[in-house]
**Student:** 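One structure, as structure tokens, below. Some questions next.
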Amino acid sequence: MRKTPLDRVLDWTGRLLLAAILGFVMLPFVVVFIASFNESAILSFPPRSWSTKWYVNAFEYRDFGLGLVNSLKIAAFGATLALIAGAGFAYVLDRYDFRFKALLNSVLMSPLIIPNFTIGLGLLVLSAAASLPRSTWLVVATHVIIVLPFVARSVYVSLRNFERRYEQAAESLGGTPVHVLWTVTLPLLLPGLISGGIFAAILSFNEFTASLFVVNQSTKTLPVAMYDYVREYADPTLAAVSVMYLVVVATALVIVHKLFRLEKVLNVD
Amino acid sequence: MSTDPPADGPSRTLGKHAVKIDGVSKSFGKTVALEPVWLKIRRGEFLTLLGPSGCGKTTILNLIAGFLEADKGEIFIDDELVTQVPPHQREIGIVFQNYALFPHMSVTQNVAYGLRTRRISKAETETRVREALDLVKLQDFADRRPKQLSGGQQQRVALARALVIRPRVLLLDEPFSALDRNLRTAMQVELKEIQSRLGLTTVFVTHDQTEALSMSERIAVMSRGSIRQIGTPTEIYDHPQNRFVSTFVGDANLFSADLLRKTAQGARLGVGGTTLDLDTYQDDLPDPGPVTLFVRPEQCTLTAPDQPGAITATVALSVYQGSHAELHLDCPASEDGRVMLRVPCGEAQDAGTKVGLALPQRGPAIYAKEGGPE
């Protein structure tokens, strides 16, 4: 079939539009990437001369190192706790019928619609009222609340797609419910659980708004440290940090993607 | 009566029934999945639950396995009341339609699963797994993963896994429907051999009447949550007790007829403008009036169109089937206007030919008109 001239015009318009959208989405990163190699201490664009000294500076600036360690620690603890709580919650929601099930569901999903700063502010007020120290655990608790609905939702979907016949076969073979959970259900859900955990860790690693309320100088997360830096200095160090930041998160996302595919392979079986 | 039944338990006479289902019913919300059902399955028997999807056959299977809890009634396995017993204590072997082999375990680990839950020693587990794999001829595949096996091999693993625990009852949930035709026949023969060699009580769920007829000692034909007839394959095929069974198992021609009067041997009917004196086995003949006459295709014979007593019909289509030909006739006396019969290929007629149809004196059954009590 021959294409009419109109078809061609529409064809090319579509392609151009797509390229424009992609370019628009990528634009901030491209600008930051180029700016991070600017030799000048003023965050200007486009750069006149090039340097990698801001990357060195990023590594030498103490708050970034501390923030990175804090962020990784908080993401690891927060994601683990959210995963355990979220998976348990998803399991109960999938397997049991009880009164107030719908209510419990909406309470747990509510952080999806409550703004992060409200959650941060709430925990700040709460910790002050209870005279709790503004420790790492306070930040972890904040992050657990924020990422829990995402993790629960993702595990819930895995459970919904889970073939119950596997469990029934195991039970008929004499497996007690706990034994079946341990030897059949969990191993088969593992890829979904790991992806959910990494997803939670990325969300926690990126979280800024709520963290701003609950951190102090020693529990500062990397995004908060970056915010503090940009309020004092205007040099391209932050651009360099952004580039490295993105590389780390993108790597984690690639791992999640690989695992999600693995899960599909297992489910097809 | 036995000496020591628990106060509220069953009487422990050493019965010959491996499974007894006593007035069991099940609903899901407002949907009735199973009307109260009574069913006794003899020890060593191969019993098939046959019916269309949604007829309740899988519900019965799930109730025996313990995956569902009965709303009412009791279930006994080997004379033991198991209505409240969880699945893992029922000692039942199951083969599912999709086999449900554990994808993260090897063939050996799959088969050994039921022995490990019973904390059987390593040495004995090894022996019994080897025996089970020998039984299904899969010795050489012990280390494979389920994914690396063909459908037929996966089914054998599932069977070995179910048999290795020496179950009291073997439940088969449409196990052949995922296999292609040749493999299916081979697996049916193999399964039947193993089953009768081990003398294993087996409950087989299927919607395939050919499968049911060829494999079962008894068949329970089900529809809409209840058992419509239970009997040997011959009884079911030759003497279907109601319209549903007659059409679901085998091919059926249904004629609109008038029951004129009951006779000593059976009944006199008016059908297609002629009268027919029928010898019948039925003891539940409907009252005189409009009835449905059921005749198997192989009971009908082709005659000349003007032969006395013949019903007139016209050939609509002749379908070559290799071993025989199927003739589809337009026949006003039939309830749906069509009659099917099988003839040797040489006797096939061209479309449009007028023919006569002779019905036999023995064999056909009379049912009340559709809508009445079946």
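In the text below, chain A, chain B and the rest are named by the order of the sequence lines, each starting its count at 1. All values below were derived from every heavy atom in this structure, side-chain atoms included, with hydrogens, water molecules and symmetry-related copies excluded.
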**Student:** Check whether Ile165(B) gets within reach of chain A through its side chain, its backbone, both or neither, counting any heavy atom under 4.5 Å.
**Tutor:**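 Just the side chain, heavy atoms under 4.5 Å.
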**Student:** For Gly175(A) and His88(B), which heavy atoms make the closest approach, and how far apart are they?
**Tutor:**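 Here Gly175(A) and His88(B) meet closest at O-CB, 3.1 Å.
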**Student:** Can you give me the closest heavy-atom contact between Gly174(A) and Thr117(B), atom names plus distance?
**Tutor:**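 Closest heavy-atom pair between Gly174(A) and Thr117(B): O-CB, 3.5 Å.
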**Student:** Are more than 12 heavy atoms from other residues, nucleotides or ligands located less than 6.0 Å from atom OH of Tyr99(B)?
**Tutor:**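 For Tyr99(B), atom OH is crowded (more than 12 foreign heavy atoms under 6.0 Å).
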**Student:** Excluding sequence neighbours, so at least two apart, what forms salt bridge (charged side-chain N to carboxylate O under 4.0 Å, His left out) with Arg42(B)?
**Tutor:**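 Arg42(B) satisfies salt bridge (charged side-chain N to carboxylate O under 4.0 Å, His left out) with Glu45(B) only.
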**Student:** Would you say Gln89(B) and Thr176(A) make side-chain contact, with heavy atoms under 4.5 Å?
**Tutor:**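 Answer no - side chains too far apart.
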**Student:** Using non-hydrogen atoms only, which part of Arg116(B) is less than 4.5 Å away from chain A: side chain, backbone, both, or neither?
**Tutor:**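 Neither; nothing under 4.5 Å.
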**Student:** Suppose we screen for ring pair (Phe, Tyr, Trp, His ring centres under 6.0 Å). Which residues come up paired with Tyr245(A), at least two apart in sequence or across chains?
**Tutor:**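 Ring pair (Phe, Tyr, Trp, His ring centres under 6.0 Å) list for Tyr245(A), sorted by chain: Phe205(A).
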**Student:** Verify the neighbour count for atom NZ of Lys101(A): are there more than 12 heavy atoms of other residues, nucleotides or ligands below 6.0 Å?
**Tutor:**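 Yes.
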**Student:** Does atom CZ of Phe98(A) have more than 12 heavy-atom neighbours from other groups under 6.0 Å away?
**Tutor:**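 More than 12 within 6.0 Å, yes.
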**Student:** Hey, could you give me the OG/CD1 distance between Ser172(A) and Ile92(B), rounded to the nearest 0.5 Å?
**Tutor:**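 Ser172(A) atom OG to Ile92(B) atom CD1 measures 8.0 Å (nearest 0.5 Å).
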**Student:** Could you check whether atom CZ of Arg95(A) has more than 12 heavy atoms from other residues, nucleotides or ligands sitting under 6.0 Å from it?
**Tutor:**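 Enclosed.
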**Student:** Supply the atom-to-atom distance Glu163(A) CD to Asn98(B) CG, rounded to the nearest 0.5 angstrom.
**Tutor:**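 One gets 5.0 Å once the value is rounded to the nearest 0.5 Å.
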**Student:** Compute the ring centroids of Tyr166(A) and His104(B), then answer whether they are less than 6.0 Å apart.
**Tutor:**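 No: the rings miss the under 6.0 Å criterion.
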**Student:** Do you know which two heavy atoms are closest between Arg118(B) and Leu173(A), and how far apart they sit?
**Tutor:**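 Answer, listing the atom of Arg118(B) first, then Leu173(A): NH1-O, 2.8 Å.
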**Student:** Near Phe199(A) CZ, under 6.0 Å, is it more than 12 heavy atoms from other residues, nucleotides or ligands?
**Tutor:**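 For Phe199(A), atom CZ is not crowded (no more than 12 foreign heavy atoms under 6.0 Å).
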**Student:** Does the side chain of Phe96(B) come within less than 4.5 Å of Gln168(A)'s, by heavy atoms?
**Tutor:**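 Counting from C-beta outward, Gln168(A) and Phe96(B) do come under 4.5 Å.
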**Student:** Show, in sequence, the C-alpha distance, side-chain angles and deciding distance for Phe102(B) and Thr183(A), and conclude whether the side-chain contact (heavy atoms from CB on, under 4.5 Å) test is met.
**Tutor:** CA-CA 10 Å; Phe102(B) 308 130; Thr183(A) 55; over 6 Å; no
**Student:** Assess whether atom NZ of Lys192(B) is packed by more than 12 heavy atoms of other residues, nucleotides or ligands within 6.0 Å.
**Tutor:**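 Check passes, neighbour count above 12.
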